Amino acid sequence: MEKTIFLFRRKEGVRRSEFAKHYIERHAPLGARLTRCLMGYTVNLVESEGGPDAVTEHWVPSAMDLLTPSRAYATAEEFQRVLTDDRSFIGDFELYVVTEEELVIAAEPLATPLGRETPEAKAVWMYGDAGALPPPPRARRVIDNRVSRKLVYRGHEGWEAAASDIAIIRMAWAAGFDQFGASLSEALRLREYRFIAAPPAVPIFR
């Protein structure tokens with residue numbers, strides 16, 4: 001199993017509120033319904049300024065299953081439907097592939113109806129050096145996503161693996177953002193929406 005983490009930015013001319021509403025009310029339900037390979041699907045809307053507008057997680061058998069239309073969709077028409085909607089509000093993005101997920105502070109995700117906002121604060125930190133990680137923040141649950149590679153789309157040449165500028169994407173959940181302490185200044189503040197429940201977390205998956 002692999003996990004893809006997309007850092008999405010909204011299309012030029014689309015307001016952040018429009019981006020968020022379209023993603024949660026239209027695009028994510030459409031993708032969850034039509035994309036065949038999803039084993040888990042979470043959309044995180046970013047509240048912080050100056051970074052991406054969404055951090056989106058897909059749990060899939062392999063990243064290329066998600067990125068190959070003939071594998072991900074039953075028909076070309078279904079792929080085109082999702083792609084057209086995608087292009088209506090999403091602009092640039094970066095894509096990272098995770099092959100190890102380490103449960104640093106173990107706790108079960110809060111039970112929340114699919115498609116509804118998770119009723120707790122979520123934050124994400126991105127580190128370039130996996131060997132020099134700071135201590136985990138004060139949190140109820142912490143997961144370190146180890147990035148194996150970055151994927152870049154080259155148009156007709158397809159997807160190309162590239163060296164990743166990010167080694168660890170750390171995610172943490174707490175009752176409120178104030179509980180994360182000073183480390184929150186280096187994090188993205190998120191609002192989490194789960195559309196397909198992720199596989200059970202284990203210390204490491206491959």
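Everything numeric in this text was worked out from a predicted model, so none of it was measured. Numbering of residues begins at 1 and proceeds along the displayed sequence.
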Any side-chain to backbone donor/acceptor pair from [X] onto [Y]? Under 3.5 Å, distance only.
| X | Y | value |
| --- | --- | --- |
| Trp59 | Thr42 | no |
| Thr118 | Glu120 | no |
| Glu2 | Ala63 | yes |
| Thr35 | Leu38 | no |

Nearest non-hydrogen partners of [X] and [Y], listed with the distance:
| X | Y | answer |
| --- | --- | --- |
| Ala167 | Gly128 | CB-O, 3.5 Å |
| Ser88 | Val14 | O-CG2, 4.3 Å |
| Gly181 | Arg138 | CA-NH2, 3.6 Å |
| Ala20 | Leu45 | CB-CD1, 3.6 Å |
| Arg9 | Pro52 | CG-CA, 4.0 Å |
| Ala139 | Val142 | CB-CG2, 3.7 Å |

Assign the ring pair Phe180 / Phe177 to parallel, tilted or perpendicular, where the plane angle (0 to 90°) is split at 30° and 60°.
tilted
Mutual orientation of the aromatic rings belonging to His22 and Phe89 [parallel < 30°, tilted 30-60°, perpendicular > 60°]
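Ring orientation, 0 to 90° scale: tilted.
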State whether Trp173 and Arg140 meet the cation-pi test: NZ (Lys) or CZ (Arg) under 6.0 Å from the six-membered ring centroid, and within 45° of the perpendicular axis.
no
With a 4.5 Å limit on heavy-atom distance, are the side chains of [X] and [Y] in contact?
| X | Y | result |
| --- | --- | --- |
| Leu151 | Glu160 | no |
| Val147 | Ile169 | yes |
| Cys37 | Pro61 | yes |
| Val43 | Phe195 | yes |
| Ser62 | Arg71 | yes |
| Ile5 | Met171 | yes |
| Phe6 | Tyr96 | no |
| Val98 | Ser148 | no |

Going by an N to O cut-off under 4.0 Å, is there a salt bridge joining [X] and [Y]?
| X | Y | value |
| --- | --- | --- |
| Glu47 | Arg191 | yes |
| Lys122 | Glu57 | yes |
| Arg154 | Glu157 | no |
| Asp53 | Arg10 | yes |
| Arg194 | Glu192 | yes |

Does Arg16 CZ have over 12 foreign heavy atoms under 6.0 Å away?
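Yes, enclosed.
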Quick check: are there more than 12 heavy atoms from other residues, nucleotides or ligands sitting under 6.0 Å from CG of Asp92?
no
Please list all pairs passing the salt bridge (charged side-chain N to carboxylate O under 4.0 Å, His left out) test where one or both residues lie in residues 75-88, with sequence neighbours left out.
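Output for this query lists Arg26-Asp85.
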Can you list every salt bridge (charged side-chain N to carboxylate O under 4.0 Å, His left out) pair that touches residues 167-189, not counting sequence neighbours?
Asp144-Arg170
Would you compute the distance between atom [atom1] of [X] and atom [atom2] of [Y] and round it to the nearest 0.5 angstrom?
| X | Y | atom1 | atom2 | value |
| --- | --- | --- | --- | --- |
| Leu103 | Glu101 | CG | CD | 8.0 Å |
| Tyr23 | Asn44 | OH | CG | 9.0 Å |
| Leu7 | Leu95 | CG | CG | 8.5 Å |

Hydrophobic cluster identity match, Phe79 and Leu34, side-chain contacts under 4.5 Å:
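Shared cluster, yes.
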In terms of hydrophobic clusters joined by side-chain contacts under 4.5 Å, are Val46 and Tyr193 together?
no
